Amino acid sequence: MANGQWYPAEWPDRIRALTAGTLTPVTPKRAATVMLLKDTDSGPAVHMLRRRASMAFAGGAYAYPGGGVDPRDDDHQVRWAGPTRAWWARRLGVGEAEAQAIVCAAVRETYEEAGVLLAGPAPDSVVGDTTGADWEADRAALVARELSFAEFLDRRGLVLRSDLLGAWTRWITPEFESRRYDTWFFVAALPEGQRTRNASTEADRTVWIAPSDAAARYDEGELLMMPPTIATLRQLTAYGTAAEALAAAPERDLTPVLATARLVDGEIVLSWPGHDEFTKHVPTSPTGGASA
């Protein structure tokens, strides 16, 4: 293939069904993902994981730590540092309880999948090493949903550091997908003293890689990625340090990016507003496949 675009084989049939009015879109679930950055001598690197080939959604694709929102974090006021919940609600375009849950999801998923925790015992501190047996027990309980993130923070007397996150972009899975997510992408810097590890059962590999290198390997067809991943990687190449990317986050447009499918001259044109490189042309014949 010409690049590393990941598209499910069933998309053409589902797109045809959607345009014909025989497919009812699934309601997207709220989710959050974090582009974790660290500075190197040659510029910032981003932490990425490769989803196991056996995964039903985006198997084999490279992505960032992330996952769905836990509804239990909507109604429990966690200890909080940084911009207020009201500020985050305005920034994310949701209610205050929803904003807390989305930010909690970003921090929790980074801890669950990368072992990095954006929280500390005080509003101006961050925990250090989180690799001990007691930490691992709590992380496993979070993954199993035996422990909510709010309960985890309370148990350990920790303050969530929302000021260490920057909201970057928002993508909604296309209406014709069987698994849909309304995902907020965040950027964050690796806290001093912490290190990443492959803690996810959904990933078989993790890497620190320069955004420009990852984008080049995608273009060569070496790394498989979904449109939001490669789009955000290309955006990150403009920044020389993690701090520069974080400083740019507050001005980023969070208008949701949602793919559209329309019938043009006998074929379905699949496009993402503002991202022409992902445009696909799908034959209307049931026996045809998606073409580049």
Side-chain angles (χ1 to χ4, degrees), residues 4 31-51 61-67 81-83 88 91-92 102-120 124-131 160-171 183-200 203 205-219 223 225-254 257:
T33 190
V34 177
M35 301 178 288
L36 191 62
L37 303 173
K38 72 173 181 180
D39 290 323
T40 72
D41 292 341
S42 56
V46 62
H47 180 71
M48 303 189 75
L49 54 83
R50 183 175 65 186
R51 294 174 60 82
Y62 279 78
Y64 313 113
W88 277 106
R91 180 72 180 115
L92 301 179
I102 292 165
V103 172
C104 279
V107 177
R108 173 178 51 77
E109 289 288 341
T110 304
Y111 180 52
E112 288 182 8
E113 298 196 339
V116 170
L117 183 58
L118 304 177
D124 58 352
S125 66
V126 183
V127 297
D129 187 8
T130 61
T131 58
L160 184 147
R161 292 289 305 275
S162 79
D163 54 320
L164 300 182
L165 287 169
W168 192 261
T169 190
R170 180 182 177 185
W171 287 63
T183 305
W184 283 262
F185 286 69
F186 295 85
V187 65
L190 178 68
E192 185 175 354
Q194 294 193 40
R195 60 183 186 274
T196 57
R197 59 194 178 92
N198 184 7
S200 174
R205 185 188 182 202
T206 62
V207 295
W208 281 102
I209 188 170
S212 58
D213 290 345
R217 292 171 69 180
Y218 164 90
D219 289 335
L223 299 186
M225 298 179 201
M226 293 180 288
T229 308
I230 181 59
T232 49
L233 280 171
R234 296 201 197 284
Q235 292 158 1
L236 289 174
T237 60
Y239 304 97
T241 65
E244 286 180 12
L246 277 165
E251 302 304 318
R252 295 276 311 169
D253 183 8
L254 293 186
V257 178

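As a basis for the values below, the full set of heavy atoms in this structure was taken, side chains included, without hydrogen atoms, waters or symmetry mates. Source: prediction; values computed, not measured.
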For side chain to side chain contact (heavy atoms under 4.5 Å, CB included), just list the numbers for F185 and R252, CA-CA rounded to whole Å, side-chain angles, deciding distance to a tenth of an Å, and then say yes or no. CA-CA 11 Å; F185 286 69; R252 295 276 311 169; over 6 Å; no

Quick check: do [X] and [Y] have side-chain heavy atoms less than 4.5 Å from each other?
X	Y	value
L118	V126	no
D163	P83	yes
V46	K38	no
T183	P228	no
T206	R50	no
W208	L36	yes
L233	M225	yes
Y62	R205	yes

Begin with the C-alpha distance, continue with both residues' side-chain angles, and end with the deciding distance and a verdict on side chain to side chain contact (heavy atoms under 4.5 Å, CB included) for Y64 and E113. CA-CA 9 Å; Y64 313 113; E113 298 196 339; over 6 Å; no

Could you walk me through whether W88 and L165 satisfy the side chain to side chain contact (heavy atoms under 4.5 Å, CB included) test, starting with their C-alpha distance in whole Å, then the side-chain angles of each, then the deciding distance to 0.1 Å, before giving a yes or no? CA-CA 11 Å; W88 277 106; L165 287 169; 4.3 Å; yes

Shortest non-hydrogen contact from [X] to [Y]?
X	Y	value
P211	P44	CD-O, 3.3 Å
D39	A242	OD1-N, 2.8 Å
V103	S162	CG1-CB, 4.2 Å
L160	A119	CA-CB, 4.2 Å

Checking side chain to side chain contact (heavy atoms under 4.5 Å, CB included) for the pair M35/M48: CA distance, chi angles, key distance, verdict? CA-CA 8 Å; M35 301 178 288; M48 303 189 75; over 6 Å; no

For W168 and T232, does a side-chain donor sit closer than 3.5 Å to a side-chain acceptor?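 Checked: W168/T232 side chains show no N/O donor-acceptor pair below 3.5 Å.
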
Going from CG on D219 to CD1 on I230, what distance comes out if it is rounded to the nearest 0.5 angstrom?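 So the CG of D219 and the CD1 of I230 are separated by 6.0 Å.
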
Inter-residue atom distance R170.CZ - L92.CG, 0.5 Å rounding: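 One finds 8.0 Å between CZ of R170 and CG of L92.
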
Ignoring hydrogens and angles, tell me if any N or O in the side chain of [X] forms a donor-acceptor pair with the backbone of [Y] under 3.5 Å.
X	Y	value
T40	A45	no
S125	G120	no
R161	G82	no

Output a table of donor-acceptor pairs, distance under 3.5 Å, between side-chain atoms of residues 186-194 and any protein atom two or more places apart or on a different chain; print 'none' if there are none.
from : atom 1 : to   : atom 2 : distance (Å)
Q194 : OE1    : L117 : N      : 2.7
Q194 : NE2    : L117 : O      : 2.8
Q194 : NE2    : V127 : O      : 3.0

Pair listing, side chain to side chain donor-acceptor pair (under 3.5 Å) test, anchored in residues 236-245, at least two apart: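 Not a single pair qualifies under side chain to side chain donor-acceptor pair (under 3.5 Å).
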
Which residue is it: T196, T130, V34? I am looking for the one with a side chain to side chain contact (heavy atoms under 4.5 Å, CB included) to V116.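 Of all the options given, the one that passes is T196.
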
